[in-house]
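One structure is given below, encoded as structure tokens.
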2 protein chains.
Amino acid sequence: MSLGDTRENPLKLVRVNSLSVLVQEEIERMILSGEIATGEWLNESSLAQRFGLSRGPVREAFRALGESGLVRIVKNQGVFVREVSVVEADQIYDLREALDELVGRKVAATATRDQIKILHELLDEMDTATGANDVTRYHTLNLRFHDLLVESTANAKLIITYRRLIKELHLFRLRGLAQFGGLRNSNEEHRMIVKAIELKDAETAGRALKAHVVKSRDRMHKAYGVNAAD
Amino acid sequence: MSLGDTRENPLKLVRVNSLSVLVQEEIERMILSGEIATGEWLNESSLAQRFGLSRGPVREAFRALGESGLVRIVKNQGVFVREVSVVEADQIYDLREALDELVGRKVAATATRDQIKILHELLDEMDTATGANDVTRYHTLNLRFHDLLVESTANAKLIITYRRLIKELHLFRLRGLAQFGGLRNSNEEHRMIVKAIELKDAETAGRALKAHVVKSRDRMHKAYGVNAAD
DNA sequence: TTAACGTTAATCGTTGACAATATCTTAGTT
DNA sequence: AACTAAGATATTGTCAACGATTAACGTTAA
């Protein structure tokens, strides 16, 4: 597959974004979709050949992906999809606790009616997915839910920081278990969060979102059999 | 000046790090030291010539720096040192509030005796700098103080996230006023933080650190004549 | 004054080459 | 058969030169 195959207006894409940015986005997509496994080696020249370009843009994309934490670059050996350990996932959850509390507080103040409407739709869809025991679908919706929350804060720096962490957490998920279970409980927590947002109760929304992250982490630990004392 | 001029064991440096990493670090140093002004254009080929290299490593360093938020890359125009607006600095302070509260809580649990000793030394040095009205010196020590705090949390993800934000905040400082004043108050807040850490009182340390960030932001606003409602 | 045109300079991307390094293969030895 | 060492191979790191694309600027003409 070549990059030129992009469906919507490929010419404009190349005019606005450089090739290295397009390559970066494509590789990121491949990593996050699991198309490339964690730990896997990314061959510079074969990727270039696959995209129909030279090694230059691919190497530049690698450097950017390295800085964003998705790949690990080893001199004279190459580029590998990063493997996120349980310890590191745990550290990310620490951060998410703090950031999500902030998200809750801010979103309660800034969320628009439209955004809240979409949140409700996502809640219902997640219930449907839970009923059908469709874990993959739930996971996708869950990502969208939290991404919409952070996006509604209208704090650009918070948004990109948050998304970076979510991507790395996703690397951890890809590593082993697809999901951490407890879908029903999880969505009940989601509803409490949305309720607080509707009431524009920043304090409660922040606490609810933080508590949700704490419990998500517990579910992760349980799934991995990690001692709570770790 | 060529990169080969590095003082300590240049050969080993090149053997371990690729040239693009060295270039990245050097450009980052130039940006953060103010050697290159915010908004300034970074000429690809003249930088390459200056370092005595080809354009390849420089371009790769640019991509990494772009991802880290220190430069802005415009296709077909080039690379510019990012300019951080007051609005953006404000968003970063929002994040710092949340992160520093986390830092306070964690560091109270994890800080070693040695680390606390260094914190005390920094406190005293900052008092000295305040007495001498040496704002630049105070600022350096202040950076070291907060960096040591976050480093003492032993949470790698928190450390790199925090440092990234501090670097961008530094870009904002470079833009205009060197400092935000209120040195004496600031160091009194520092002492309260360290006291809570010594008592291993995580809750108080977190609150104190968060409060410190809130006040730092206020001092920044005051210096810029920004309305608190913004 | 404004619009069109051409020049210039920079980035973007390609290609081909070579060196340095890592990895795999193979032959030889114990 | 197992281990070792030398050599072959593959990959990354870096460079140099080239053409294409684009943005910026100055000039000219209406």
For the residue pair B:His190 and B:His146, does the interplanar ring angle fall in the parallel (under 30°), tilted (30 to 60°) or perpendicular (over 60°) class? perpendicular

Euclidean distance, atom NZ of residue A:Lys75 to atom P of D:dT11 [Å, nearest integer]: 19 Å

Please pick, from D:dT14, D:dG13, D:dT21, the nucleotide with the shortest atom-to-atom distance to any side-chain atom of B:Leu19. D:dT14

Does B:Ser45 put a side-chain nitrogen or oxygen below 4.0 Å from OP1 or OP2 of C:dA10? no

To the nearest angstrom, the CG-C1' distance between B:Leu53 and D:dA17 comes to 17 Å

Decide, yes or no, whether a salt bridge links B:Glu60 with B:Arg63 under the criterion of side-chain N to carboxylate O below 4.0 Å. no

Salt-bridge test for B:Glu88 and B:Arg82: reply yes if a basic N is under 4.0 Å from a carboxylate O, no otherwise. yes

Verify the contact: side-chain N or O of B:Asn43 to OP1 or OP2 of C:dT11, cut-off strictly under 4.0 Å; return yes or no. yes

Whole angstroms only, please: what is the CG-C1' distance between B:Leu42 and C:dA10? 14 Å

Salt-bridged, B:Glu121 to B:Lys117, with N to O below 4.0 Å? yes

d(CG, A:Asn76; P, C:dT21) in whole Å: 6 Å

Under 4.0 Å from OP1 or OP2 of D:dG13: is there any side-chain N or O of A:Gln77 that close? no

Partners of B:Ser45 by side-chain hydrogen bond (donor to acceptor under 3.5 Å, both in side chains), sequence neighbours excluded? B:Asn43

Using a cut-off of less than 4.0 Å, is there contact between a side-chain N or O of A:Trp41 and OP1 or OP2 of D:dT12? yes

All side-chain hydrogen bond (donor to acceptor under 3.5 Å, both in side chains) counterparts of B:Arg144, not counting sequence neighbours: none

Got a sec? Which of residues 55-64 of chain B come in under 4.0 Å of DNA chain D, heavy atoms? B:Arg55, B:Pro57

